[in-house]
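Report on the structure given below.
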Amino acid sequence: MGLLDKLSVWLGRGKAEVTVLVLGLDNSGKSTLLNALRAPEQRVAHTTPTVAQQQEHFQSGGVSFSAWDVSGAPRHRALWERHYRRAHAVIFVVDSADHLRLVVAREEMELLLAHPDMFGRRVPLLIFANKSDAAHALAPMQVAAALCLERITDKPWHICASCALSGAGIADGVTWLARQLRDGLVPTQHT
């Protein structure tokens with residue numbers, strides 16, 4: 001992206017095109033969250049768990065997102081690292097009501113952040129504490145503590161409560177992510 005292109009994106013005249021990974025354990029709500037980001041006429045009534053990976057597109061805050069929803073099933077998590085190098089951002093979805101699997105989510109996030117293609121890169125990390133409407137859901141700060149987010153010093157991160165079924169909290173998180181990417185003047189990706 002040349003200087004004029006960067007200036008155009010910064011001034012809002014162009015749209016930055018970015019690749020974002022949507023990761024998290026199985027049943028955390030990744031596909032449902034992406035469904036909520038679709039235009040109302042494109043939403044499906046029932047989402048099914050992702051097998052392997054699928055790509056979605058959405059726009060927010062002058063940024064055009066190409067989102068890779070990669071399965072969180074244990075046998076598919078090895079696929080995550082195939083996408084790290086080209087990722088401009090990561091959305092990590094956590095089931096805030098599944099207290100037992102928060103340790104597994106933390107371990108998977110730590111593996112992601114320590115990978116050579118991610119470590120030391122300024123890749124914004126948006127964490128959705130999803131299913132916040134559930135009876136025993138933890139507050140975002142409790143999820144942040146369980147995930148040890150305070151240890152992340154090489155990239156900007158943000159956590160927010162969400163409910164993918166109703167769409168609550170999703171716009172706030174994506175707005176933060178779009179601002180991070182726009183302010184960082186992420187290069188346009190040509191496909």
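Numbering of residues begins at 1 and proceeds along the displayed sequence. Fair warning: this is a prediction, and the values are worked out from it, not measured in the lab.
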Checklist entry - Taking atom types as modelled, is there a side-chain donor on S28 or D95 under 3.5 Å from an acceptor on the other? => result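 Their side chains do not contain a donor-acceptor pair, so the 3.5 Å distance test is not met.
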
Checklist entry - Can L102 and L138 be said to form a side-chain contact (heavy atoms from CB on, under 4.5 Å), step by step? => result CA-CA 10 Å; L102 278 174; L138 297 175; 3.4 Å; yes

Might you point out which heavy atoms bring [X] and [Y] nearest each other, and give the distance in Å?
X    : Y    : result
L181 : P124 : CD2-CG, 4.0 Å
D154 : G120 : OD2-N, 2.7 Å
G29  : N130 : CA-ND2, 3.6 Å
S31  : D69  : OG-OD2, 2.6 Å
C160 : G173 : SG-CA, 3.8 Å
A36  : G167 : CB-CA, 4.5 Å

Item to check | pair H88-Q180: side-chain heavy atoms closer than 4.5 Å | outcome: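 No, their side chains stay 4.5 Å or more apart.
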
Looking only at atom types and distance, does a side-chain atom of [X] sit under 3.5 Å from a main-chain N or O of [Y], one as donor and one as acceptor?
X    : Y    : answer
K155 : R121 : yes
H99  : H136 : yes
S132 : S162 : yes
K30  : L25  : yes
R151 : E110 : no

State the [atom1]-[atom2] distance between [X] and [Y], to the nearest 0.5 angstrom.
X    : Y    : atom1 : atom2 : value
M109 : L125 : CE    : CG    : 5.0 Å
W157 : L149 : CH2   : CG    : 4.5 Å
D117 : R86  : CG    : CZ    : 11.5 Å
E108 : L113 : CD    : CG    : 11.5 Å
C163 : I170 : SG    : CD1   : 7.5 Å
E81  : M118 : CD    : CE    : 11.5 Å

Next on the checklist: Please determine whether the number of non-hydrogen atoms from other residues, nucleotides or ligands lying under 6.0 Å from atom CZ of R85 exceeds 12.
Outcome noted: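 No.
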
Next on the checklist: Do F65 and L33 land in one hydrophobic cluster if side-chain heavy atoms of ILVMFWY residues count as linked below 4.5 Å?
Outcome noted: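 Linked within one cluster.
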
Next on the checklist: Parallel, tilted or perpendicular, judged at 30° and 60°: which one describes the rings of W80 and F92?
Outcome noted: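 Perpendicular.
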
Item to check | Name of the residue among V90, I152, L147 meeting side chain to side chain contact (heavy atoms under 4.5 Å, CB included) with I127 | outcome: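 Of the listed residues V90, I152, L147, the side chain to side chain contact (heavy atoms under 4.5 Å, CB included) partner of I127 is L147.
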
Checklist entry - So H158 and D172, side-chain contact (heavy atoms from CB on, under 4.5 Å) or not? Walk me through it. => result CA-CA 10 Å; H158 178 71; D172 292 338; 5.9 Å; no

